[in-house]
Amino acid sequence: MTDKKKLVLIDGNSITYRAFFALPPLSNSKGQYTNAAYGFTTMLLKLLQDEQPTHLMVAFDKGKATVRQQIYAEYKGTREKTPGELREQFPIVREILDSFGIPYVEVEGHEADDIIGTITQEAEQIGYDSLVVTGDKDLLQLVSDRVTTMLTRKGISETEKYTEKEIQERYGLTPLQIIDLKGLMGDTSDNIPGIPGVGEKTALKLLAQYPTVEEVLAHVDEAPGKKLQEKLREHADSARLSKQLATINRAVPLDIDFESYRFESYDAGKVREIFKALEFKSLLDRLPEGGSESELVEQEPAVKQEAVTTQIIAADELAGIIEKLPATVGFYLDLEGNYQFGDLHGLAIATQEAAWYLPFDKTLPAELGALFQDQTKTKVFYDVKAVCTALKKHDIDLDHNVFCTLLGSYLLSPSEGTPDLFEVIEHHSGWRLSPLPKGTAKKPVEISLEERANLAGAVAAANVHIAEKVGEALEAGDLMALYRDLELPLSFVLADMEGLGVRIDTSELREIGENLKERIEALQKEIYELAGSEFNLNSPKQLGEVLFDKLGLPASKKTKTGYSTSADVLEKLAEHSPVVQKILEYRHLGKLQSTYVEGLLNAARQNGDIFRVHTQFNQALTATGRLSSTEPNLQNIPIRTEEGRRLRHVFVPTDPEWKILAADYSQIELRILAHISGDENMIDAFVHDEDIHTRTATQVFEVTPEEVDSNMRRAAKAVNFGIVYGISDFGLSQNLNIPRKQAGQFIASYFEKFPGVKRYMEDVVDQARRDEYVTTLLGRKRHLPDINASNFNMRSFAERTAMNTPIQGTAADVIKKAMVNIHKEMQERSLRANMLLQVHDELIFECPPEEIEELKELVRREMEQVTALSVPLKADLNVGDTWYEAK
DNA sequence: ACTTTAACC
DNA sequence: CTAAGGTTAAAGT
């Protein structure tokens, strides 16, 4: 075994600069420029691969180079200001380095060269070999028998290593003479003057004669040519100054800890995550990983929470343990897969110091009821709704004195999506716990009960710990009321809805499926005939080739991978060929068949001869505060076309005598906009309960209500939508299929007529720029760090988000609050009716006929009176035997 | 695993 | 020159 140490030192600024100018201005889908970070990373991966460093560090410039600036105020004076597109990539580079665990060093007032010079000097003394990686020739001066400098050439993809030998061959100089070379010839990029008119050639000639600037200047008379002699005399001081500027300071005050530069392994998961976020797809494969490529191995979770040992218990020991539990108890429900239908393995119960694990034998022991219904204890879960729904299946109710770390964490940063339990734990406690291994149907996990218990116990204990932290963070962010009074109570409402499910008429569904199947097959045949060949109609690639290459139709839009065949493209093509209309119809029916008929049949669960679907509402996912629905998604059941709408016939009440009640808010987002903007014109429209799109049309097109035709109303509707979304003339022009200029005029006249809305849009963006977040009526927050980005795309996106989120998010707040209130009142009145679904602005109930009137009255009142705005809220209610008929 | 398309509000 | 808010699912590559 050799203990040879190899230290690689990267000149962070130089390599990032080089990469930026060498690569085209790549940006990812978020509009972040990433070319420099990408180039830097390519270089880093190459170094890891080729050089196999034992030690690695990166140096960055920090602040003004004070020493050089004092000597020479114009130092780097001609340099253009770093472009924003580059500046914003330095933090990305640092993030990448962090993910690899590679340290970077910066010292106020010093440049990266000086840091590298200082470290290599020290490294030499303790017997390390160093490789300096840079694009800056100045650093050749550091070369010795222990220091090699690698220079980038032509962009960054090619590099060249310089030892003393190569410097001799290339320049005929020793490494230290590089300073003299620069002293004579200067450096335009750093605004180092040197001797005017002396370039590399002359300088080398001079240095061949006399080895240093000082010697050259002492023997000016011997320089070739009168002119040159004159210049040397005239600019002798400049040469000395230039040499001084070019000399790397190898004594930067700096704590050098070579141990911290040691590079053995890195957290591949972390790096992957960052690469994915940055969209460095091609680099994912190039990560050095285990095996022959390198000795790098994925890091094991470093810290386990070893303070907690988990004791495996039986149900009859439970009572004894409950007695000893403190006021706050953490839980982890250990289950496989879906919380509604997956297998339950067991339950971990924990305090901050101790944990118990109760394995289940298929069913939950009834003794648990005592614990879950103990009002005196605060029960901490990661996902209360999941636990509550799972318990419901086993006829155990959960008391409401609970804390949900999932929901709390989500409210703290809703743009991040569903918080990962293990990330939340690490964030708040520093503990890096291992997730419980997930098995698949094919390959169940092999894990001992002891191990399972220990992992689950640690999570439960950690959850107690983080509950406190999350609670504090909610208080600090003014989010506690939103959490306590809205989201947490809603969790129980949603658990009821999920647990109950919605009845599906599967025979009706199958009939619809049969009908669709026939028509799809017929359409397919017709399309193949019209196209003259058979191909996979579901493949956009093959369809594009047939339409645009074979049939020669005019292709308009392109995607990354080829022709776009999306509906808006096809619609414009319909006049060119009858096949296009058929394809549109095929797509439409195919969508209904695969997503809805087959999807719902697959999701339906049978109980006796009744089929039900139990969606899961994700309450901790969207950036705006809306819910989402999965497995199956019941928030996107077709309605727009009659063909699709028919599917709503299959959603029926549990009892055929019962009814479906659908209650939807009328124009809730625009009403909220009217309220928060205070626009008098808009408020007036809603106070008089006018048709808002028609009203908008009269204003924008300056006509009387009678003169508004369907086209004008459609355009006005699109403008209203655009306003809610955070408008741009381009977006509106796309939507209405009109020239951008015209769309711009629509927007301008809209803002003229609704000046309050215009003011709101400006104000909310200003406020967002100050706070870097926006809020809704009930205090929900969404962080917008990009609102001050220099990148146009990122900033614009954040601005539109700033305009939209308070509207969409307040609408979400309002309906959620109505749900909690309605659910409460239904319970108080012991109604048999059930709340079934929420679809963003509508609520669906099933209801026995004798309760219909009472329920309608209750629902309307709670929905419309849930909060007092400066405009009335309006709910439209409809009753029918199926969801379809409740229209 | 990502891309395209399409369903909803 | 950039370029519409929030989602989920299926199918293809």
Side-chain angles (χ1 to χ4, degrees), chain A residues 25 27 29 31 272 276 279 281 284-285 414-415 417 536-544 557 559-570 583-584 587-600 602-603 615-618 621-641 643-645 647-648 664-665 667-669 718-736 740 743-744 747 782 791-809 811-812 815 837-842:
Chain A
S27 56
S29 62
R272 269 170 210 289
K276 272 187 202 154
E279 301 171 14
K281 268 164 265 170
L284 281 171
D285 306 328
S415 331
N536 188 343
L537 256 172
N538 292 323
S539 160
K541 186 164 170 259
Q542 293 183 36
L543 179 62
K557 231 174 29 182
T559 66
K560 263 184 250 179
T561 51
Y563 305 115
S564 170
T565 65
S566 60
D568 58 330
V569 172
L570 296 190
I583 292 168
L584 282 166
R587 281 250 181 97
H588 179 209
L589 301 186
K591 177 77 180 177
L592 298 179
Q593 179 79 294
S594 62
T595 303
Y596 299 103
V597 175
E598 286 164 16
L600 286 174
N602 284 333
T615 189
Q616 292 180 34
F617 289 106
N618 199 332
L621 187 147
T622 71
T624 54
R626 277 189 178 180
L627 301 176
S628 82
S629 155
T630 57
E631 288 181 87
N633 180 355
L634 296 183
Q635 290 183 322
N636 71 343
I637 302 302
I639 191 167
R640 237 183 54 250
T641 67
E643 209 53 70
R645 193 173 197 161
L647 282 157
R648 295 186 172 218
D664 68 290
Y665 276 116
Q667 303 296 352
I668 187 166
E669 291 191 342
V719 172
N720 279 329
F721 270 100
I723 293 293
V724 170
Y725 292 162
I727 202 152
S728 77
D729 52 2
F730 181 85
L732 184 64
S733 75
Q734 289 285 301
N735 189 287
L736 281 175
R740 208 187 62 197
I747 296 167
R782 179 172 183 180
N791 178 290
F792 178 89
N793 279 342
M794 287 171 73
R795 194 178 58 247
S796 302
F797 187 79
E799 288 168 358
R800 291 194 295 273
T801 307
M803 300 185 238
N804 170 263
T805 294
I807 302 171
Q808 193 183 122
I815 194 166
L837 297 173
Q838 187 248 49
V839 192
H840 311 307
D841 64 355
E842 74 174 317

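Residue numbers begin at 1 in each chain, while the letters A, B, ... track the order of the sequences.
Of the candidate nucleotides C:dA9, C:dA11, B:dT5, B:dT5 has the atom nearest to the side chain of A:S564. Closest approach to the A:D729 side chain among C:dA3, C:dT13, B:dT5 is made by C:dA3 (side chain taken as heavy atoms from C-beta onward). Listed candidates were B:dC9, C:dG12, C:dA4. Nearest to the side chain of A:R800 is C:dA4. Of all nucleotides listed (B:dA7, C:dA4, C:dT8), C:dT8 comes nearest to the side chain of A:T630. The side chain of A:R782 lies closest to C:dG6, out of B:dT4, C:dG6, B:dC9. The nucleotide whose nearest atom lies closest to any side-chain atom of A:S628 is, among C:dA4, B:dA6, C:dT8, C:dT8. Listed nucleotides B:dT5, C:dG6, C:dA9 differ in distance to A:N633; the shortest reach to its side chain belongs to C:dA9. Closest to the A:K591 side chain, of the nucleotides B:dA7, C:dA3, C:dA4, is B:dA7. Among C:dG6, C:dA9, B:dT5, the nucleotide with an atom closest to any side-chain atom of A:T559 is B:dT5. Side chain of A:S594, nearest nucleotide from B:dT4, C:dA10, B:dT5: C:dA10.
Note on A:A623: only backbone sugar-phosphate atoms sit closer than 4.0 angstrom, heavy atoms only; bases stay farther off. When heavy atoms are screened at a 4.0 angstrom cut-off, A:S733 is found touching no nucleic acid atom at all. A:L621 comes within contact range of the sugar-phosphate backbone alone, with a heavy-atom separation under 4.0 Å but no base atom that close. A:S796 comes within contact range of no nucleotide atom at all, as no heavy-atom separation falls under 4.0 Å. Among the heavy atoms of the strands lying under 4.0 Å from A:V839 are primed sugar atoms or P, OP1, OP2 only; no base atom is included. If you check every strand for non-hydrogen atoms under 4.0 Å, A:G722 touches a base.
Mapping A:R626 and A:P632 onto DNA chain C by nearest heavy atom places A:R626 at the nucleotide closer to the 5' end.
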Problem - Criterion side-chain contact (heavy atoms from CB on, under 4.5 Å) on A:T630 and A:N618, from CA distance to verdict - result: CA-CA 8 Å; A:T630 57; A:N618 199 332; 5.7 Å; no

Exercise for the section: For A:F617 and A:L837, run side-chain contact (heavy atoms from CB on, under 4.5 Å): C-alpha distance rounded to whole Å, both residues' side-chain angles, the deciding distance at 0.1 Å, then the answer. Expected result: CA-CA 9 Å; A:F617 289 106; A:L837 297 173; 4.0 Å; yes

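Side-chain N or O atoms of A:N804 include none that pairs as donor or acceptor with a backbone N or O of A:R800 at under 3.5 Å.
In this structure, the aromatic ring of A:F730 is positioned over the six-membered ring of the base of C:dA3, centres within 5.5 Å and planes within 30°.
For A:N636 against B:dA7, a side-chain-to-base donor-acceptor contact under 3.5 Å is present. For A:R640 against B:dC8, a side-chain-to-base donor-acceptor contact under 3.5 Å is absent. Donor-acceptor pairing under 3.5 Å, judged by distance alone, is present between the side chain of A:Q808 and the base of C:dG5.
When the C1' atom of C:dG6 is taken as reference, atom CG of A:N618 falls 13 Å away, rounded to whole Å.
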